[in-house]
Amino acid sequence: MKNANITNIRPDFALITNWVRAKTKVLDLGCGDGTLLTHLHETLDTTGYGVEKDDVNWLAALKNGVDVIQMNLEDGLSGFEDQSFDTVILSQTLQAMHNTETIVEEMLRVGREAIVTFPNFGYWRNRLQIATGNMPVSKTLPYQWYDTPNVHLCTIHDFDQFCINHHIQVIERKVITDGEDVHVLPNLMGNLAMYRLKTAGN
Amino acid sequence: MSESNSVGIVKAQVAHFNKPLTLQSGAVLPQYHLAYETYGELNASKTNAVLICHALSGNHHVAGRYAEDDKYPGWWDNLIGPGRPLDTNKFFVIGLNNLGGCHGSSGPSSVDPLTDRPYSATFPVVTVEDWVESQARLLDYLGIEQLAAVIGGSLGGMQALQWNIAFPERVRHAFVIASAPNLTAQNMAFNEVARQAIITDPEFYDGDYYNHGTVPRRGLRIARMLGHITYLSDDVMGEKFGRKLRHGELKYGFDVEFEMESYLRYQGDKFAGEFDANTYLRMTRALDYFDPAKAYAGDLSQALRKATAKFIVISFTTDWRFSPSRSREIVQALLDNALPVKYAEVTSAHGHDAFLMPDPHYHDIMRAYLEQVKV
């Protein structure tokens, strides 16, 4: 596998690493070129698979030595057995999913734990742009309104409520801005939300 | 004709086996021979061998040409050669003609040494399991303990799968391309029509046409025409032929009116002139019979539980004869066994034929994977 340079890794990837236990089995949904899986394998000796729809990313993941399955997450995770992974990861993809509820349910069916990260639409800079009359464009939301793949943007409050409504237990939540932890007014001050989830009652 | 990156001029070889082979049907072949070709050099530690398993009408002539002026190279030439995705500078590639074939291995049209006459209809029905058994013996003959990779498309993919069931310890990587864990009823139905076309040809003589000086050409021709329809997608047929007329105007008769008819007749005639009808019957039966999950109450995961190889499964979006959903069943069984597997669903307009085409993305996948295979 390629050497993933820890200093160059996305801040949310570094934090996800803290939520994954060594030698466990991981499924990374929308794995891109496989950077996160490669990093987890090298630092924690994890095993597992990536799922990627895009041809270019799929091939890049293969070249990085990742076991990558080409499929569309909108169709769910059929083919993966119940509770067959320790952790299922969906990093910064939730907001681009049409079948949001299905994918979160599927993640918790297939995995004992799920890690979901998404750009917080409630971040003050987004609110400011809305207040001045424009759709937000930023580092975490780098698209124009007409070319964005993001169809289900939400705030931290929204996602907290989503978890309550869907009987999902939040094991841990972390909010960051430019790689720094945010503790005060997270829904206003944080631009990236990270959740560690499991099915409530399990 | 000299081509860059070609394996160049090749020569077929024949391996003779005197150890009887008991087939799945219970029949015994007391002796048999297998035609094969190799490309590249076997390394000193014999760890760089790649076996290519052929599909319905394939054979051991996988790459290169027998003579400079051969019209066509081997059937998977675009994949194999120095610098090609399956690089013969790195790998020692083996192609063989399966038992029951008609291109040099023991089969219905070859001479039975016990009678000095063609085996004819007496040549037994052979299965994917039988082929893999005989392929393993060819490896023994070549002194190869373990394959770096076994590669097959369609019926060849079934053999690649079977290698991991019968001889898991002898395979490091398996390529299962445009294949399926068994045939659907619809898929078998096409085979049955093809066989009926052959069997009901008056020149078939219950398979003994060699001794009647005839060839069931009409049956074989129709069988092949039918096959070709199922190997192409509706889109690609539309693109290639559409409703184009052969003569620019309707002739109000039953000769070739549309370009598509001309194509099918050409393919049918060409095939009927070079393929053996008894072999065709047996190849389609091998397809029908393959069903490794059957012994495990339909559970393919159980059938593959002893597999240890790393897998790559590839399907093509417009392939309706071996559709992506069938490949996903294989992937699921491999995932159930926590085996290393990569799965690609290649966008292609070419239907089942796509697995033989040099699509850039498909070949990038093959090249990238094979570069990672250690020898």
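Below, read A as the first sequence line, B as the second, and so on, with proteins coming before strands; counting in each chain starts at 1.
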(request) Measure the spacing between CD of A:Gln70 and OG of B:Ser327 and express it to the nearest 0.5 Å. (result) 12.0 Å
(message) So, applying side-chain contact (heavy atoms from CB on, under 4.5 Å) with B:Pro340, which one of A:Asp67, A:Val66, A:Thr47 is it?
(response) A:Asp67
(request) Mind checking the CD1-CD spacing from A:Ile69 to B:Glu345? Nearest 0.5 Å is all I need. (result) 11.0 Å
(request) Quick one: closest heavy-atom pair of B:Gln372 and A:Lys63, and the distance? (result) NE2-O, 3.1 Å
(request) Can you see which heavy atom on A:Trp58 is nearest to which on B:Tyr343, and at what distance? (result) NE1-O, 2.9 Å
(request) Measure A:Lys53 against the heavy atoms of chain B and call it side chain, backbone, both or neither at under 4.5 Å. (result) neither
(message) Is it the case that atom NZ in B:Lys90 sees more than 12 heavy atoms from other parts of the structure closer than 6.0 Å?
(response) yes
(message) Other residues, nucleotides and ligands only: do more than 12 of their heavy atoms fall within 6.0 Å of CG on B:Asn43?
(response) yes
(request) Measure B:Ala338 against the heavy atoms of chain A and call it side chain, backbone, both or neither at under 4.5 Å. (result) both
(request) Take atom CD of B:Glu41 as the centre, draw a 6.0 Å sphere, and report whether it contains more than 12 heavy atoms from other residues, nucleotides or ligands. (result) no
(message) Quick check: closest heavy atoms across A:Leu62 and B:Lys342, and the distance to 0.1 Å?
(response) CD1-CD, 3.8 Å
(request) Give the minimum heavy-atom separation between B:Ala368 and A:Leu59, together with the two atoms involved. (result) CB-CD1, 4.1 Å
(request) Check whether B:Val331 gets within reach of chain A through its side chain, its backbone, both or neither, counting any heavy atom under 4.5 Å. (result) side chain
(request) Pick whichever of B:Glu329, B:His361, B:Glu371 has the most heavy-atom pairs under 4.5 Å with chain A. (result) B:His361
(request) To the nearest 0.5 Å, tell me how far B:Leu335 CG sits from A:Phe85 CZ. (result) 6.5 Å
(request) Under 4.5 Å heavy-atom distance to chain A, tell me which part of B:Leu339 shows up: side chain, backbone, both or neither. (result) backbone
